[in-house]
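Values below: all heavy atoms of this structure, side chains included; hydrogens, waters and symmetry mates excluded.
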Amino acid sequence: MEIARRHVLSLLSAAGLAAVIPATDATGAPLGPDGRDAEAAAGTRPTAGTGTGRLLANAVAVFAGTPESNARTETSAKLAALAETATAHLAKLDTAGEGELFEGLPLGTNDAHLNTSFRMLYEIALASRAPGVGTGGAAARRRVVEGLVRLHEDYYGDQSRGYYGNWFTWEIGISTSVTATLVLLADEIAEQRPELTRTYIASMDAYLRNGKDGDVDLDSRFHTGANLADITTNRLLQGALLGDENRVRKALEDQLTVYATVDPYRLRHGVTDGHYADGSFIQHGSVAYTGSYGKGLLTRAVQALGLLDGTGFADTAALVPVVYRWVADGFAPLVFEGWMMEIVKGRAVSRTGGGYADSAAVVEAVTALSSHTDGERSAALESYVKHVAHSSADAPDPARFASPLTVVRYAEILGDASVPAKDLNPAARSTAFNAMDKTVHRRPGFAFALARSSDRVSKYEYMSGENLMPWFQGDGAHYLYLAGHDQTRSFGVDYYTTVSPYGLAGVTAPEERRETVPELYGKAYYDNPDHPLHFTPSSESQNTYVYFPRGTNRHSGGAVLGTYGAAGMVQSDDVAYAERDRLPDDFTVYRNATATKSWFLLDDEIVVLAAGVGDLGGRPVRTTVDARIADPDDELAVTGRRAGGGAWSGESGESGESGEGTARLRWLHYANETRGGAVGYLILDERPRPLTVGLETVTRSRRAVRTANPDTPVTRQVFSAAFRQEAGAEPRSYAYALVPHATRRALDAYGEHHGHRRALRVLANTTRLQAIRHSGLHLLAVNAFARGRQSVAGLHLDGPASVLVRREGREVTIAASDPTMRRDEVSLLLHGRRLRPVEAGEGVHVSHARGGTLVRVRTRHAYGHSFTATLR
């Protein structure tokens, strides 16, 4: 195994890990044929003292708990839930009809029904095996074994009849339930059907059809990230069941590749899935997915730490710092008061369970992770667990945790008065997840999340009838979360259900009607296997053009200076429209509107500049400043100040219709007087264009956004503010700011200073250059989009860049990044007195130049990283 060990270490070198897999075997026990320990070779189950035996014992404890954990009162609700579920499943076993194992789940053609049947068997086995539960006892365990035999003989074992429907079902879903069941019932199976475990493992190997020779293939696009963690954890347990240390080691070697930080310039196996240096997480090659697949990977990684504990197969202590960084830099910025932000959830944004439930899964993993570390890391994780529990409007329910062990650990943390509730985020934080085209800006009273896209990152994800109307979710859509609110009343599935997909907050979109994939093609995907692009449900062409198309713009990124941020994006068509000539004639493509946008993220304001806003096809265009939802009986107040002075209270103005008014405003104020919370909107153009403000009550079924959702009508008040351009209008520019928690008096105060004396000023707003100055913060923020030399406020730039400059006394701090990800160097000239470097990050060179100070930043292969320097 030494060669494999060196291979693993080279893969992990990017994450700074030392040796993880020991060179010797786990226990020093004699090995039998094919690398199996002697006990397994003799046909007996490995004892708990061996490496594989300890692994199995750990797995049973993780799944079912221990007598000690399950005797705790804190686990009673969890155990009761296990018993209730198993009792219901046993009843359905009794009432199953012909062609069913469980009532209501006919088998033979529906892979989801087969998957669910295996899962229900596992849940019966779990309840029958868990100490303190024992639902059904030995009789229930015997019935589970009989069910496994029947499913294999009639519906699973025949390879020629299997593998219909979703590949995930056969390579991951079924294998996860079966493997866990085999572990829980290892003793019963050894007595009743001793060949069953080996038979099932052989079948599971054979169904690994996206692998190689019945094993993982690291070159397969299916065996990456969270999917790889699932597959390898199953194979690790299967190796333990067989007593095959070589299989365990190979599974662990494959799994360890997901711990390595992805270097986009030195891809291994061509894989872009995984965690990046800036905290981003990508799955499916180009989808920002921390809040769905990412939490699945986190859960599996932490579970693996528990499974491997004390086995001798790995030095798990070397992996803990990597997982800790995932939590601190990748997950924590995306969780606001217990709510997982929408920008990193892919198609899962359309599911009815999300937000708080997503973060509960993270909390469970963090709780378990805290038991595998010590010192400052452990203390920080424990404090974070308590922070989420205390700040969430819907705190995690430990009865829903997967493991009773974690239930106990969670109770201990919450009950420990010496553990303070403390966020892993500082109170003010700006995070540029440039590797996945997302930005998060946090202040004590709010969080702002921005979704961008590019030729690297998908505009959205649609799949399997989920997220049916996603078209503009990566076109600058934003989510402004107010502190102290139940976010289910403001966002989540009901936001997408009731807000027009063309009017999502922050989006510039053509006013037209698009059709969903099922409407276009009569099924959940585009089916054309005979075309040269070979469109099948899981083909690469389906991914590229239907499920998660990338944009076609190169410019999407931004810089961070301390707690302030800047982001910019050139809006684009997706790849399907750009490559329409090579697509089938009956494949529908849609053209996007045009816009060049910047977001400047300050203490009290989020400033948005948009230029070149229009449509090359001559369609009308809508740029939505914000869209918010509220309960139907909430009392909302929408007021404003006209550009020429005087109050505005929602009357139509220049034009309007029922529930909608249009006027030239200096500012607009939205307040939910029932629940508290307000947002102000400053119009920063010297000559404001008409703003259309709407407030209507919308009722729509949740099934409108996901075919599997219940047909439940949702009613919400929908507030929107948008700039509209008529068909054929020339491109326009807009400048405005969102001001969370603003009062009307505070909004009026922004207009008290005019010209150069105004604290917040727009310095440039074109498709070449966008810039603002905030004199109160002594901050200059600039996004340059065009090639060539450009100048603003004493700053000279050469080519595309995102730059922040802050002057305090004689000290100047700067941050710069390359938002195209393709430049070798970004050069800045600060006009004025010559400055010397006090502190400069790696890759930053400061020198004197004619007229001022030249700062050259080596951005080659930096992938959007912000370079900083302090000058004096």
Verdict with reasoning, Thr820 to Phe785, per side chain to side chain contact (heavy atoms under 4.5 Å, CB included)
CA-CA 9 Å; Thr820 72; Phe785 297 90; over 6 Å; no

Does the side chain of [Y] come within less than 4.5 Å of [X]'s, by heavy atoms?
X: Val714; Y: Arg700; result: no
X: Leu298; Y: Val327; result: yes
X: Leu256; Y: Glu253; result: no
X: Phe472; Y: Tyr460; result: no
X: Val499; Y: Leu504; result: yes
X: Arg221; Y: Asn543; result: yes
X: His478; Y: Asp626; result: yes

Measure up the [X] and [Y] rings against each other and bin them: parallel (under 30°), tilted (30 to 60°), perpendicular (over 60°).
X: Tyr479; Y: Tyr481; answer: parallel
X: Trp326; Y: His275; answer: parallel
X: Trp471; Y: Tyr502; answer: parallel

If you take all heavy atoms of [X] and [Y], which pair is closest and at what distance?
X: Pro819; Y: Ser802; result: CD-N, 3.9 Å
X: Pro470; Y: Tyr462; result: CG-CB, 4.1 Å
X: Tyr526; Y: Val546; result: CB-CG2, 4.2 Å
X: Ala360; Y: Phe401; result: O-CE1, 4.1 Å
X: Tyr384; Y: Ala332; result: OH-CA, 3.7 Å
X: Arg429; Y: Asn425; result: NH1-OD1, 2.6 Å

Cut-off 3.5 Å, side chains only: do [X] and [Y] have a donor facing an acceptor?
X: Arg452; Y: Thr439; answer: yes
X: Arg622; Y: Thr624; answer: yes
X: Tyr545; Y: Glu579; answer: yes
X: Asp219; Y: His269; answer: yes
X: Gln255; Y: Thr233; answer: yes
X: Asp254; Y: Thr232; answer: no
X: Thr508; Y: Lys597; answer: yes
X: Asn709; Y: Arg351; answer: no
X: Asp475; Y: Asn592; answer: yes
X: Asp437; Y: Ser556; answer: yes

Non-neighbouring partners of Asp527 that pass salt bridge (Lys or Arg N to Asp or Glu O under 4.0 Å), sequence neighbours left out
Lys523

Intermediate values then yes/no, side chain to side chain contact (heavy atoms under 4.5 Å, CB included), Thr596 and Gln571
CA-CA 6 Å; Thr596 297; Gln571 187 162 302; over 6 Å; no

Less than 4.0 angstrom from a charged side-chain N to a carboxylate O is my criterion; do [X] and [Y] meet it?
X: Asp215; Y: Arg235; result: yes
X: Asp394; Y: Arg489; result: no
X: Arg823; Y: Asp818; result: no
X: Glu519; Y: Arg513; result: yes
X: Glu171; Y: Arg209; result: no
X: Asp494; Y: Arg716; result: yes

Backbone N or O of [Y] within a donor-acceptor pair of the [X] side chain at under 3.5 Å?
X: Ser286; Y: Val457; value: no
X: Asn553; Y: Ser572; value: no
X: Asp455; Y: Thr552; value: no
X: Thr594; Y: Gly612; value: yes

Straight-line distance of Tyr525 OH to Ser539 OG, nearest 0.5 Å:
10.5 Å

What is the distance from atom OG1 of Thr352 to atom CZ of Arg702, rounded to the nearest 0.5 Å?
6.5 Å

Between [X] and [Y], is the gap from one ring center to the other below 6.0 Å?
X: Tyr265; Y: Tyr863; result: yes
X: Tyr289; Y: Phe281; result: no
X: Trp339; Y: Phe491; result: no
X: Tyr293; Y: His284; result: yes

Can Glu512 and Tyr590 be said to form a side chain to side chain contact (heavy atoms under 4.5 Å, CB included), step by step?
CA-CA 10 Å; Glu512 62 182 4; Tyr590 293 105; 4.0 Å; yes

Can you check salt bridge (charged side-chain N to carboxylate O under 4.0 Å, His left out) on Asp358 and Lys295, steps first, answer last?
CA-CA 8 Å; Asp358 296 321; Lys295 66 182 175 68; 3.8 Å; yes

Salt bridge (charged side-chain N to carboxylate O under 4.0 Å, His left out) between Asp423 and Arg442, intermediate numbers included:
CA-CA 12 Å; Asp423 198 351; Arg442 303 171 65 108; 3.3 Å; yes

I'd like to know whether Met340 forms a side chain to side chain contact (heavy atoms under 4.5 Å, CB included) with Val362, so could you lay out the CA-CA distance, the side-chain angles of the two residues, the decisive distance to 0.1 Å, and finally the verdict.
CA-CA 9 Å; Met340 177 64 73; Val362 174; 4.0 Å; yes

